[in-house]
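Single-structure report; data block below.
Since the model is a prediction, treat every value here as computed from it, not as a measurement. In listed order, ligands and their atoms are each counted from 1.
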Amino acid sequence: MCGIVGYIGYREAYPVLINGLKRLEYRGYDSAGIALLDNEPAIFKCVGKVSDLENHINDNPKTGHVGIGHTRWATHGEPNDVNAHPHQSMHGKFILIHNGIIENYTELKEKLGNRGYTFNSQTDSEVLVNLIEFIYQKGKVDAEMAVRLALNKVEGAYGIVVMCADEPDKLIAARKGSPLVIGVGNDEYFLASDATPIVEYTKSVIYLNDQNVAVITQGELVLKTLKNIPLTPNIQQLSMDIGEIDKGGYDHFMLKEIFEQPRSIHDTFRGRINLAERTLHLGGLYHVMPKIVEAKRIIIIGCGTSWHAGLVGEYLFEDLARISVEVEYASEFRYRRPIISKGDVVIAISQSGETADTLAAIRLAKEAGALVLGICNVVGSSIPRETDGGVYTHAGPEIGVASTKAFTAQVTVLAMMAIQVGRKRNFLTDDQYQRYIQELTQVPEKIEKILKLDSTIHKLAEKYKDVNNFLYLGRGYLFPVALEGALKLKEISYIHAEGYPAAEMKHGPIALIDHHMPVVVLATKDHSYDKIVSNIQEVKARKGIIIAVVSEGDTTITGLANHTIEIPETEMVFSPLLAVIPLQLLSYHIAIMRGCNVDQPRNLAKSVTVE
Ligand code: M6R
């Protein structure tokens with residue numbers, strides 16, 4: 001979390017930095033700051049959003065061709081002006097922005113304290129900038145060496161950019177665990193936590209690897225390891241387009257991303273499905289497919305919404321490919337001494353490709369000898385670079401903190417994988433294989449139809465926007481969707497919501513049901529339809545308010561529920577892709593009506609790069 005930007009070149013740095021911070025604000029929005037180096041360093045920072053920073057510095061001079069900026073998601077120290085980045089060292093020599101956590105900062109702080117250093121903030125980052133200065137002054141080394149030596153003493157994660165007052169035409173950047181991308185222009189360089197602030201200036205980028213240091217002067221970039229071994233920069237071309245990171249006429253990124261789903265799902269299967277032959281080809285798995293086909297067990301790991309997609313994956317792989325699946329929270333998996341065998345296939349799911357726990361979990365699985373695959377959205381992010389193979393979701397940049405189109409793209413990839421593996425393991429006949437492929441291509445059109453229900457869902461939101469609790473129920477493939485619906489509502493509207501397997505309701509949550517409790521039931525036509533009708537009766541008997549998502553033409557549930565949302569029929573295996581759409585819209589409208597910031601919900605960040 002936290003977003004960092006840097007610029008060195010011939011332009012005025014301020015507009016590049018402030019616009020970059022706006023693009024990165026989804027990573028954290030507790031405070032923001034900018035430092036420019038124009039003979040003398042000038043630092044502007046304040047608690048609040050990037051717009052607050054803009055207002056704060058409006059009347060101040062802001063010139064300089066070298067600068068850095070930061071938008072913070074607080075870890076050490078509450079969000080306030082002093083804890084905001086950039087941080088300056090005690091004697092004013094160094095200014096630093098940092099994304100990550102310095103785990104041994106207490107010990108380093110104490111040592112620096114013994115040498116006369118005092119600290120203004122409660123942050124770990126201020127300790128690092130002072131450590132750099134201490135080494136610089138005591139060791140009489142240059143700025144770059146001071147940074148490298150300091151980083152050798154640091155435990156934890158960092159993406160940093162550093163400026164030195166004595167070497168004003170230079171930026172020093174380094175990473176370990178937190179992402180950092182360098183944009184390479186003509187006689188100018190851009191740095192950022194992801195490529196979104198860079199793409200409008202250049203498409204040539206270098207993704208920094210762990211323990212890499214980049215020393216950038218006007219017109220020159222030198223890449224090396226922390227141990228001073230020179231490296232050849234690997235310049236890659238971004239495929240992202242600037243239009244993809246604008247709101248495109250929608251009021252919020254979240255709404256835009258919900259409405260983009262027909263296209264993002266299509267983009268996810270496009271090029272992988274041959275419709276004429278009704279076959280599938282997953283290029284990123286080609287070389288590892290025999291191992292997946294032979295797998296005794298699949299372990300899927302992820303966090304939040306990606307974990308929910310993983311749960312759908314469990315149903316898919318067990319159902320279509322008959323492989324036993326375990327779905328794990330990355331944070332629990334990595335610390336549990338899990339039993340991983342060489343024949344296991346581990347699939348890490350992550351929109352950002354940077355989630356710290358998921359990244360640590362795949363490293364553990366790799367060490368244990370498992371085949372590790374990734375399903376990620378951000379091209380070039382850490383997880384795809386550390387896995388043995390994988391499939392990108394091609395959902396395009398997801399800026400809203402609440403995950404929407406990433407979820408459906410992840411489920412699309414998992415479905416394609418399960419169908420492919422199922423056919424290769426002979427658990428699907430040719431006919432079934434082709435039928436599934438054919439039906440998947442129909443999903444975008446069916447979602448278009450559901451999106452037309454937006455105004456109906458808006459009315460529903462008006463009715464229930466003021467309640468304090470919501471319950472979401474689903475069975476089978478729709479149980480993970482119930483969890484996802486509840487997560488969407490709570491994270492953006494701050495209404496307490498719980499998702500449950502519908503049959504579990506009787507084992508506790510039923511006690512909560514009264515005439516104040518809206519219960520969203522996912523009840524499309526599948527093999528457990530009769531069972532879910534019984535669950536609806538149970539809710540009704542306790543006077544709960546039933547909002548049912550049903551298949552088009554359903555009359556049974558329509559007669560029982562207070563409200564029904566009809567969605568097109570599809571193969572059961574694809575039902576999560578359709579059923580989740582009304583839940584996303586319901587959460588969005590309720591949150592807007594409650595005056596919440598849907599794109600940047602409180603306390604959250606898009607990319608959780610701390611554990
Ligand atoms: O980038 P990742 O998919 O690894 O992120 C995992 C979670 O942090 C993320 O899905 C989170 O739960 C979303 N805000 C939910 O909408």
Side-chain angles (χ1 to χ4, degrees), residues 1-3 24-29 73 177-179 193-194 196 252-255 257-258 261 264 300-313 327-334 347-362 374-387 390-393 395-411 413-414 472 480-481 483-494 497 499 580 583-588 591 596-611:
M1 14 251 297
C2 297
L24 290 179
E25 206 170 14
Y26 71 88
R27 301 178 67 89
Y29 28 84
W73 186 84
S178 302
S193 298
D194 70 34
T196 54
H252 300 95
F253 281 111
M254 182 179 175
L255 191 61
E257 288 156 7
I258 292 173
Q261 288 174 106
S264 55
I300 302 181
I301 50 183
C303 304
T305 290
S306 296
W307 183 78
H308 295 158
L311 287 179
V312 178
V327 187
E328 303 273 1
Y329 285 117
S331 54
E332 290 299 315
F333 179 79
R334 62 180 288 202
I347 305 176
I349 307 179
S350 173
Q351 186 286 131
S352 61
E354 299 292 350
T355 299
D357 282 320
T358 312
L359 196 50
I362 65 166
I375 298 177
C376 296
N377 193 40
V378 178
V379 176
S381 56
S382 299
I383 294 174
R385 289 193 290 140
E386 295 198 23
T387 40
V391 185
Y392 278 117
T393 45
E398 190 181 64
I399 311 288
V401 166
S403 190
T404 52
K405 63 175 180 170
F407 174 76
T408 47
Q410 289 164 348
V411 172
V413 168
L414 286 161
Y472 286 74
V481 178
L483 295 181
E484 177 58 9
L487 174 63
K488 251 4 23 132
L489 186 70
K490 64 188 143 196
E491 74 177 320
I492 59 168
S493 74
Y494 319 141
V580 76
L583 309 194
Q584 296 169 345
L585 286 169
L586 184 65
S587 307
Y588 170 81
C596 301
N597 183 340
V598 293
D599 283 339
Q600 294 169 352
R602 71 183 178 207
N603 303 337
L604 283 172
K606 184 75 181 160
S607 179
V608 185
T609 53
V610 296
E611 59 175 289

Ligand 1 atoms in contact with [X] (distance to a heavy atom under 4.0 Å):
| X | result |
| --- | --- |
| T305 | 10 (O), 12 (O), 15 (C), 16 (O) |
| S403 | 15 (C), 16 (O) |
| A402 | 16 (O) |
| S350 | 1 (O), 2 (P), 3 (O), 4 (O) |
| S306 | 2 (P), 3 (O), 10 (O) |
| K488 | 15 (C), 16 (O) |

**OP:** Using non-hydrogen atoms of the residue, decide whether V401 is closer than 4.0 angstrom to ligand 1.
**Re:**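 The answer is yes, since V401 has a heavy atom less than 4.0 Å from ligand 1.
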Original post:
Does H308 come within less than 4.0 Å of ligand 1, judged by its heavy atoms?
Top reply: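 H308: no contact with ligand 1 (<4.0 Å).
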Original post:
What do we get for E491 next to ligand 1 when only non-hydrogen atoms under 4.0 Å count, side chain, backbone, both or neither?
Top reply: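 Just the side chain.
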Residue, atom name and distance, where the atom is the protein heavy atom closest to [atom]:
| atom | result |
| --- | --- |
| atom 4 (O) of ligand 1 | T355 OG1, 2.4 Å |
| atom 1 (O) of ligand 1 | S352 OG, 2.6 Å |
| atom 8 (O) of ligand 1 | V608 CG2, 3.9 Å |
| atom 6 (C) of ligand 1 | C303 O, 3.3 Å |

Original post:
When the ring planes of Y329 and W307 are compared, do they come out parallel, tilted or perpendicular, using 30° and 60° as the limits?
Top reply: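 Because their plane-to-plane angle is under 30°, the rings of Y329 and W307 count as parallel.
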Is any side-chain heavy atom of [X] closer than 4.5 Å to a side-chain heavy atom of [Y]?
| X | Y | result |
| --- | --- | --- |
| D599 | I399 | no |
| V401 | Y29 | yes |
| V312 | Q410 | no |
| I492 | C596 | no |

Original post:
Short question: side chain of N377, backbone of P397 - any donor-acceptor pair under 3.5 Å?
Top reply: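 Such a contact is absent between N377 side chain and P397 backbone.
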Original post:
Distance-only, no hydrogens or angles: does the K490 side chain make a donor-acceptor pair with backbone N or O of A497 under 3.5 Å?
Top reply: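 The answer is yes, because a donor-acceptor pair under 3.5 Å joins these two groups.
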Original post:
Without hydrogens or angle criteria, can the side chains of Q584 and E484 be said to hold a donor-acceptor pair below 3.5 Å?
Top reply: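 No pair is found: no donor N or O on one side chain lies under 3.5 Å from an acceptor on the other.
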Original post:
Shortest non-hydrogen contact from E491 to S403?
Top reply: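 Answer, listing the atom of E491 first, then S403: OE2-N, 4.3 Å.
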